[in-house]
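In what follows, a structure is listed as structure tokens, so that the remarks can point back to it.
Excluded from the calculations below are hydrogen atoms, water molecules and symmetry mates; all remaining heavy atoms, backbone and side chain alike, are included. Here, residue 1 is the first one in the sequence, and each next residue gets the next number. Note that this is a predicted model, so its numbers are computed, not measured.
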Amino acid sequence: FPSHDSLYKGREHPKYAKLIEIVRKNLVEGGRLIVFAHYRNTVTKIVEELGKIEGVLAHEFIGKSKEGMGQKKQQEEFQ
């Protein structure tokens, strides 16, 4: 399979723009939103992009691996 970079030749995947649009439309004070992604580098990019939106506090939660966060750590981080 071609890499992400070769598919988009340095351009952003259009899903990031759509995600930002959805988050902005649904941003409610005190509301929470969970975005799932398959790849760690995608998670990092999503957190980076969402962090640019005023009023959004984005956190990275990685689970199900020895390098990931356990449920207790995720709960502590999210509170």
* Yes or no on side chain to side chain contact (heavy atoms under 4.5 Å, CB included) for Tyr16 and Thr42, after CA distance, side-chain angles and deciding distance? -> CA-CA 10 Å; Tyr16 293 117; Thr42 303; 3.9 Å; yes
* Under-4.0 Å salt bridge between Arg24 and Glu21 -> no
* Asked: Nearest heavy-atom pair of Ala58 and Gly51: which atoms, and what distance?
  -> CB-N, 4.3 Å
* Could you check if a side-chain atom of Ile46 sits within less than 4.5 angstrom of a side-chain atom of Phe36, using non-hydrogen atoms only? => no
* Which value, rounded to the nearest 0.5 Å, describes the distance between Leu33 atom CG and Ile22 atom CD1? -> 9.0 Å
* **ILVMFWY network linking Leu27 to Ile20, side-chain heavy atoms under 4.5 angstrom** => yes
* To do: Calculate, to the nearest 0.5 Å, the distance between atoms NZ and CD belonging to Lys52 and Glu48 respectively.
  => 5.0 Å
* Can you measure from OG1 (Thr44) to OH (Tyr39) and round to the nearest 0.5 angstrom? => 14.5 Å
